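Down below is the structure, laid out as structure tokens.
This one's a predicted model, so the numbers in the text were calculated from it and none came from an experiment.
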Amino acid sequence: MLISPGHQRFFMTPRDQPLPLYIESIGYNGNQEKVSRTAGYPYYHWLQTVKGAGEFKLSGTSAIVGESSGILLPPNLPHEYARVQNEWETIYITFGGSQCAAIVDSLGLGEADIRQWETDSPLNDYGQHVLSSIGSDQDLSGLEASADMYRFLILLKKHGMTGNRSSISQAVARLAPLLAFMEEHYGDPDIGLEQMACIIGISSRHMNTLFKQSFGITAYSYFILLRIRKAKEMLTGSMELTIKETAARAGFRDASHFVATFRRIEGVTPEQFRNLY
């Protein structure tokens, strides 16, 4: 997409129709000028490098924002930035909403960190896609832009990396052989953490780190949830199976443990769940 240098486009949500998440402004700068905001900006502010590099300063520290990287700032955080090369092309998005802070925090994006991603990540072009979409559509309600903003935050959560940590997409790719193994062997109650870790050739501790990064839970908890999901499929798809038979096929050693685990996770017993269908 070609954008003329200095071109900017702003989008405002209607004041009488507040949305949980909305874009306050979005723009492209073909040669980013120096910016200094001693009181910060009143909305969440995303700044992404398209080409070149810039230096970002906040809270007494500085960092370089190069290509395939950006920074998300919370409202009212003092900061300044300026180019460190002859040219620095940027895209920015500012956004807010009644549920904005809750959404950002729930995705773990509340800290003002430099976030990087692989060059083939959809994050590379998504900001330009949103800018182009807003420029070509008559989205007077702001609903499409709201959906675009939420999708952007999900992509940032999935593909963004901070420091030396891998992204969620990288962690899931690393776990893929084990996830496939779990899908095939969920009915075996003898599978333990050490065996699972051996599938992908890492320690059980590292395996749990990858699971927590990807899914927010440990490998064992993920395996239990998988077994419960398979049990739910059996309970509704194979009505002839007894609870005891369902427990055995789902990888539980006995029916009582299965019933207790199912009730803890689903809030009802397996029999009650089956009766709902």
Tell me, with the steps shown, if R83 and E87 meet salt bridge (charged side-chain N to carboxylate O under 4.0 Å, His left out). CA-CA 7 Å; R83 60 178 178 263; E87 292 186 351; over 6 Å; no
How far apart are the C-alpha atoms of I91 and N29, what are their side-chain angles, what is the distance that settles it, and do they pass the side-chain contact (heavy atoms from CB on, under 4.5 Å) test? CA-CA 6 Å; I91 280 183; N29 197 323; over 6 Å; no
List the steps, then state whether salt bridge (charged side-chain N to carboxylate O under 4.0 Å, His left out) holds for D188 with R227. CA-CA 10 Å; D188 185 351; R227 285 169 166 159; over 6 Å; no
Verdict with supporting geometry, F211 and L179, side-chain contact (heavy atoms from CB on, under 4.5 Å): CA-CA 10 Å; F211 267 91; L179 299 179; 3.9 Å; yes
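The list of side-chain hydrogen bond (donor to acceptor under 3.5 Å, both in side chains) pairs with a residue in residues 99-116, not counting sequence neighbours, is empty.
In this structure a side-chain-to-backbone donor-acceptor pair under 3.5 Å is missing from T49 to T90. Judged by distance alone, with hydrogens and angles left aside, the side-chain atoms of S69 form a donor-acceptor pair with the main-chain N or O of G66 at under 3.5 Å. The backbone N or O of R205 lies less than 3.5 Å from a partner atom in the side chain of T209, making a donor-acceptor pair. In this structure, N208 contributes its side chain and T218 its backbone to no donor-acceptor pair below 3.5 Å. A distance-only check finds no donor-acceptor pair linking the side chain of E266 to the backbone of R263 [under 3.5 Å]. Remark: the backbone N or O of T269 is paired with a side-chain donor or acceptor of Q272 at under 3.5 angstrom. In this structure, the side chain of R274 does not engage the main chain of T236 through any donor-acceptor pair within 3.5 Å.
No side-chain N or O of S121 forms a donor-acceptor pair with one of E118 less than 3.5 Å apart. Inspection of the T61 and S59 side chains reveals no N or O donor paired with an N or O acceptor under 3.5 Å. No hydrogens or angles considered: nothing links the side chains of T119 and S68 as a donor-acceptor pair under 3.5 Å. At a cut-off of 3.5 Å, with distance as the only test, no side-chain donor of N31 or W88 sits close to an acceptor on the other residue. Neither side chain, Q48 nor Y28, offers a donor N or O lying under 3.5 Å from an acceptor on the other.
Between R229 and E233 there is a salt bridge, with a side-chain nitrogen of the basic residue lying less than 4.0 Å from a carboxylate oxygen of the acidic one.
Between H45 and Y92, the ring planes are perpendicular. Angles over 60° get that label, and only those under 30° would be called parallel.
In the displayed structure, R249 atom CZ is contacted under 6.0 Å by at most 12 heavy atoms of other residues, nucleotides or ligands. More than 12 heavy atoms of other shown residues, nucleotides or ligands fall within 6.0 angstrom of atom NZ in K230. The environment of F273 atom CZ is dense: over 12 non-hydrogen atoms of other residues, nucleotides or ligands sit within 6.0 angstrom.
Note that CD of E194 is 8.5 Å distant from OG of S203, once rounded to the nearest 0.5 Å. Atom-to-atom distance recorded for L235:CG and F262:CZ is 5.5 Å, nearest 0.5 angstrom.
Aromatic rings from W46 and F152 are positioned such that their centres are separated by under 6.0 Å.
Counting heavy atoms from C-beta on, the side chains of Y186 and F223 come closer than 4.5 Å.
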